[in-house]
Amino acid sequence: MHNVKRVRCAVTMAAAGLVLSGTAITAVAADSSSATAPKAAAATGTHSADVAAAGRSYTYLMFKKNSRNPSNSRLSLVYVNMNNPDHPHSYTVNSWRAGSGNGSKDTCARNRGWLPNGEYAIKAFYDHHNGGSHGVNGVSWLLSNHKCHSGTWRTDLFIHSEMRPNGTQGPRTGGDSPYRWDGNGDYKSNGCIKLKPSDIRELKGYRSGYPKPTRLFVS
């Protein structure tokens, strides 16, 4: 598993019902002794409770906007451990530079402004999204639509990078290719959240070892 940056913080979000791999259960053989059977049942019950608690553990994504430089904001993957529901623990698994918008802080500016604050559902994950030369390609997450403060809907929102649908980099064109990460200028977007290719692949890699996030929180 990847190294993690452990940061303790209070947990108030609702848990996503995704199950972590539990510790293997060693079968308890039946015993003719009346004293042994209750102990075995109690041990099995305790383990079942531990597995159920682990099943309530979850992750979410958190995007923290940087008002001084919107293209140098942060996207973090946060894990919430619910093994002890009375005292849940959360920590940041990893964090990456990310941008949102083309530099505009107008959350109501479609295809230009950074994302409005609030909670978003992560509706789908794509390993090979094909949006063409004017869309999102490769590794990406589709977000729910969201209203800005004036009531304008922000739509077609993704967490994505710049790559071909198969995840490879396109050739150098001498300009700003939508299929190739050319530098820090590519953190700018039409309002979506963008990471560089190596970082978005790292985020994708955590899907195999943690519950898959179903929510994004923007602030």
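Values reported hereafter were calculated over all heavy atoms of this structure, with side chains retained and with hydrogens, waters and symmetry mates removed. The chain is numbered in sequence order, starting from 1.
- Between T152 and S150, the shortest heavy-atom contact is OG1-OG, 3.2 Å.
- Atom CG in N102 sits 9.5 Å away from atom CG in N111 (nearest 0.5 Å).
- Rounded to the nearest 0.5 angstrom, E119 CD and S144 OG are separated by 8.0 Å.
- Follow the hydrophobic side-chain contacts under 4.5 Å out from I159 and you never reach L142; the two are in separate clusters.
- Using a 4.5 Å cut-off on side-chain heavy atoms (C-beta onward), R207 and F125 make contact.
- For the pair R215 and Y120, the NZ or CZ position fails the cation-pi test of under 6.0 Å to the six-membered ring centre and within 45 degrees of the ring normal.
- Between the S100 side chain and the L115 main chain, a donor and an acceptor come within less than 3.5 Å of each other.
- Side-chain contact between S189 and W114 is absent, with no heavy atoms from C-beta onward closer than 4.5 Å.
- Taking the six-membered ring where tryptophan is involved, the planes of F158 and Y126 are tilted, since the angle between them lies from 30° to 60°.
- Between E162 and K194 there is a salt bridge, since at least one side-chain N of the basic residue sits less than 4.0 Å from a carboxylate O of the acidic one.
- With hydrogens and angles disregarded, no donor-acceptor distance shorter than 3.5 Å links the side chain of H128 to the backbone of G138.
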Walk me through whether S219 and K64 qualify under side chain to side chain contact (heavy atoms under 4.5 Å, CB included). CA-CA 5 Å; S219 63; K64 184 67 176 178; 3.5 Å; yes
May I have the step-by-step check of side chain to side chain donor-acceptor pair (under 3.5 Å) for N145 and R154, ending in yes or no? CA-CA 6 Å; N145 298 336; R154 298 292 302 276; over 6 Å; no
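- Note on ring orientation: taking the six-membered ring where Trp is involved, the planes of Y210 and Y91 are perpendicular (angle over 60°, cut-offs 30° and 60°).
- The distance from the CZ atom of R201 to the NZ atom of K196 is 10.5 Å, given to the nearest 0.5 Å.
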Please assess D106 against S104 for the test side chain to side chain donor-acceptor pair (under 3.5 Å), listing each intermediate value before the final yes or no. CA-CA 5 Å; D106 182 356; S104 170; 5.2 Å; no
Is there a side chain to side chain contact (heavy atoms under 4.5 Å, CB included) between Y79 and S90? Walk through the geometry before answering. CA-CA 5 Å; Y79 174 68; S90 70; over 6 Å; no
Take M163 and I200, measure what side chain to side chain contact (heavy atoms under 4.5 Å, CB included) needs, and give me the verdict at the end. CA-CA 11 Å; M163 58 181 67; I200 204 165; 3.8 Å; yes
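- Side chain of S161 to backbone of L195: a donor-acceptor contact under 3.5 angstrom is found.
- Linking ILVMFWY side-chain heavy atoms closer than 4.5 Å, directly or via other members, places V218 and I122 in a single hydrophobic cluster.
- With rounding to the nearest 0.5 angstrom, the CG atom of N190 is 13.5 Å from the CZ atom of R110.
- Side chains of V80 and R56 form no contact here, defined as non-hydrogen atoms less than 4.5 Å apart.
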Side chain to side chain contact (heavy atoms under 4.5 Å, CB included), that's the test. Do Y187 and W181 meet it? Break it down for me. CA-CA 9 Å; Y187 281 108; W181 192 267; 3.7 Å; yes
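- Transitive grouping of hydrophobic side chains (ILVMFWY, heavy atoms separated by less than 4.5 Å) keeps V136 and L143 in distinct clusters.
- Contact check for D182 versus D176: side-chain heavy atoms found under the 4.5 Å cut-off.
- Among all heavy-atom pairs drawn from H149 and T107, the shortest one is CD2-OG1, 3.6 Å.
- S57 places a side-chain N or O within 3.5 Å of a backbone atom of M82 that can act as its donor or acceptor partner.
- Counting heavy atoms of neighbouring residues, nucleotides and ligands inside a 6.0 Å radius, atom NZ of K65 exceeds 12 of them.
- Here the side chain of T173 pairs a donor or acceptor atom with the backbone of G175 at under 3.5 angstrom.
- One distance of note links CG of N117 with CZ of F63; it measures 10.0 Å at 0.5 Å rounding.
- Here F217 and Y60 bring their ring centres to under 6.0 angstrom of each other.
- One distance of note links OG1 of T214 with OH of Y58; it measures 9.5 Å at 0.5 Å rounding.
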